[in-house]
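Reading through the structure tokens given below for one structure.
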Amino acid sequence: MNDSTNDTNNEADGNSTSVPLHERRRPVWHWQRLARSRPRLAVIMAVAGAVLGALLGGAGVAWRAEAGPFADDRACWGAFGQDDVAALFGGKRDITTSEVPITADRLGTEGPSGECRLTSPRGRRITVEAHQLDTGFGGAGDRWADEFLSARLTPLGGGLLGMASDTRAWLAVPDGCVGRPSRLDVTSGPTVIDMETGWTVYDDEVDTEARDALARAVVKLVNHYMADQGCAGTIADPVRRMAGPPLFQDEKKDAMCGVKGLRLPAAFEREGRGGAVVTRGDGPVRTCDRGVLFGHPELRLMTIEDPRLAVLYDRLSRDGAKDRVSAGEQDGYGFVRDDMGLFQAECQTGQVTFLVRAENGDHPGDIRTLLPRYVAAEADRIGCGPLRVTRPADG
């Protein structure tokens, strides 16, 4: 008996006269036979879609967690090997990683951005971010400046635009590479890669071993990014040239924050929650934080000497308040208000930012008194003086 006869007999019980010949040769489970009605087809397609979605979803989770068949021995865009990650977690190697690739907008006007997270099963996590600093207000709504320009961080030294502590580290990509969206756009913020381990800590001592590990790691990240962008040169290990960590210090009455001739207002002396912490070492920023609670200083005095970073406050210095300040015929502009005084000077080396900021606006008179004295003293220290800041009402 030939094959066509067998096919016909096998279909006899299912009313073969209504089944086309090409259908009879398909297995009973074939999707086209099962789906001869639209409702049945819809169910099948829904089930198939759910199964496919689950498979793809599982693959996506595996990729984000760097687990399963997508596992790799590199982390954070390929910058870190297993030994690099272990150095950040006290030698532990059971660290998971997830990341968002570093990308830029199509026009290239907003700079690159990306994120990487390293997580320990014991609860510790390190977040790495690549981004261009916002010139709207101190980096990103001043949160970035609060954390990464804290007095607890030490400059990396060697002319690098970067700092590190045992909980934070950051480094700007050199302008000669791809540090800004356009080499001609000097008004934009620098592109930085930063690392943070959680809450800002204000213990009396900085863990130098943890600080050095973060400093080396952030340099490795920037070097890898530069190589990926085709930039020549590498940044050397900064640890040997870094100054020691800052120390809490008792202040003299006539040398607030270590600035000679600057007296601490009586109100801040009475309400102070502790001594002052002052940035140690030469670098782009000198910050003095007093009375820190939950990562926010009661009073901050800060001088930003590097024009690449001072640009973060340029827009604010022009638009921050109606009570403007000036320095006579010298170039500069700024303002004073109840909670902050800011002056942006044009020095020989470029823009310099002088900032006096209180956690609240309870002592507006003291802010107005401190700003001109602080600017005068710091300008003399860095060779940008003399600067004599006055308000219109002061004549």
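Since we're looking at a predicted model, the values are computed, not measured. Nothing fancy with the numbering, it's 1 onward along the sequence.
For the pair Thr287 and Ala151, the tightest heavy-atom approach, listed with the atom from each and the gap, is O-CB, 3.4 Å. Shown here for Val311 and Ser188, the closest heavy-atom pair between the two residues is CG1-O, 3.8 Å. When all heavy atoms of Ile367 and Gly341 are compared, the pair lying nearest together is CG2-N, 3.7 Å. Summarising the geometry of Tyr374 relative to Arg286, their closest heavy-atom pair is OH-O, 4.3 Å, with the distance given to 0.1 Å. In this structure, Val173 and Met226 approach most closely via the heavy-atom pair CG1-CG, 4.3 Å. Counting all heavy atoms, side chain and backbone alike, Pro265 lies closest to Met256 at CD-SD, 4.2 Å.
With no hydrogens or angles considered, no side-chain donor-acceptor pair links Tyr225 and Thr191 at under 3.5 Å. Side-chain contact, Trp144 with Asp194: a donor N or O sits under 3.5 Å from an acceptor N or O.
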Would Leu262 and Leu301 satisfy side chain to side chain contact (heavy atoms under 4.5 Å, CB included), going step by step from the backbone distance to the final call? CA-CA 11 Å; Leu262 190 65; Leu301 280 68; 3.6 Å; yes

Evaluation steps, salt bridge (Lys or Arg N to Asp or Glu O under 4.0 Å), between Asp338 and Arg368: CA-CA 8 Å; Asp338 290 356; Arg368 285 167 167 78; 3.5 Å; yes

Decide side chain to side chain contact (heavy atoms under 4.5 Å, CB included) for Glu196 and Ile126; before the verdict, give the C-alpha distance in whole Å, the side-chain angles of both, and the deciding distance to 0.1 Å. CA-CA 6 Å; Glu196 59 93 1; Ile126 295 177; over 6 Å; no

Please test Leu214 against Thr197 for side chain to side chain contact (heavy atoms under 4.5 Å, CB included), starting from the C-alpha separation and ending with a verdict. CA-CA 10 Å; Leu214 285 176; Thr197 65; 4.3 Å; yes

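Inter-residue side-chain proximity for Val219 and Leu171 is flagged as met; some heavy-atom pair is nearer than 4.5 Å. Side-chain contact between Leu149 and Met302: present, with at least one pair of heavy atoms (C-beta onward) separated by less than 4.5 Å. Counting heavy atoms from C-beta on, the side chains of Val352 and Thr303 come closer than 4.5 Å.
The side chain to side chain donor-acceptor pair (under 3.5 Å) check on Arg117 picks up Glu115, with sequence neighbours excluded. For Asp237, the salt bridge (Lys or Arg N to Asp or Glu O under 4.0 Å) criterion is met by Arg216, not counting sequence neighbours. For Asp212, there are no salt bridge (Lys or Arg N to Asp or Glu O under 4.0 Å) partners, not counting sequence neighbours. When the side chain to side chain donor-acceptor pair (under 3.5 Å) test is applied to Ser120, the partners found at least two apart in sequence or on another chain are Arg122. With sequence neighbours excluded, the residues forming a salt bridge (Lys or Arg N to Asp or Glu O under 4.0 Å) with Arg381 are Glu305, Glu378, listed by chain and number. Looking at residues two or more places apart in sequence or on another chain, you find a salt bridge (Lys or Arg N to Asp or Glu O under 4.0 Å) between Asp314 and Arg318.
Counting non-hydrogen atoms of neighbouring residues, nucleotides and ligands closer than 6.0 angstrom, the CZ atom of Arg240 reaches no more than 12 such neighbours.
The main-chain N or O of Pro284 is never found under 3.5 Å from a side-chain atom of Asp306 such that the two would form a donor-acceptor pair. The main-chain N or O of Ile193 is never found under 3.5 Å from a side-chain atom of Trp170 such that the two would form a donor-acceptor pair. Using modelled atom types, one side-chain atom of Arg74 and one backbone atom of Ala79 make a donor-acceptor pair closer than 3.5 Å. For Arg168 (side chain) and Gly198 (main-chain N/O), a donor-acceptor pair under 3.5 Å exists by modelled atom type. Side-chain atoms of Arg373 never come within 3.5 Å of backbone atoms of Arg263 as a donor-acceptor pair (strictly under, hydrogens ignored). Counting only distance, with no hydrogens or angles, the side chain of Trp77 and the backbone of Val100 share a donor-acceptor pair below 3.5 Å. For Thr119 (side chain) and Arg125 (main-chain N/O), no donor-acceptor pair under 3.5 Å exists by modelled atom type. Under a 3.5 Å cut-off, the side chain of Glu99 and the backbone N or O of Cys76 do form a donor-acceptor pair.
Between Pro246 and the choices Val278, Asp289, Val277, the side chain to side chain contact (heavy atoms under 4.5 Å, CB included) rule is met once, by Val277.
A salt bridge is absent between Lys92 and Asp94: the closest approach of a Lys/Arg side-chain nitrogen to an acidic carboxylate oxygen does not fall below 4.0 angstrom. Salt bridge Asp282/Arg241: absent, no basic N to carboxylate O contact under 4.0 Å. A salt bridge links Asp339 with Arg337: the distance from a Lys NZ or Arg NE/NH1/NH2 to an Asp or Glu carboxylate oxygen falls below 4.0 Å.
In this structure, Arg324 is not positioned above the aromatic face of Tyr333 in the sense of NZ or CZ being under 6.0 Å from the six-membered ring centre and within 45° of the axis.
Leu221 and Ile235 end up in the same hydrophobic cluster when Ile, Leu, Val, Met, Phe, Trp and Tyr side chains are linked at under 4.5 Å.
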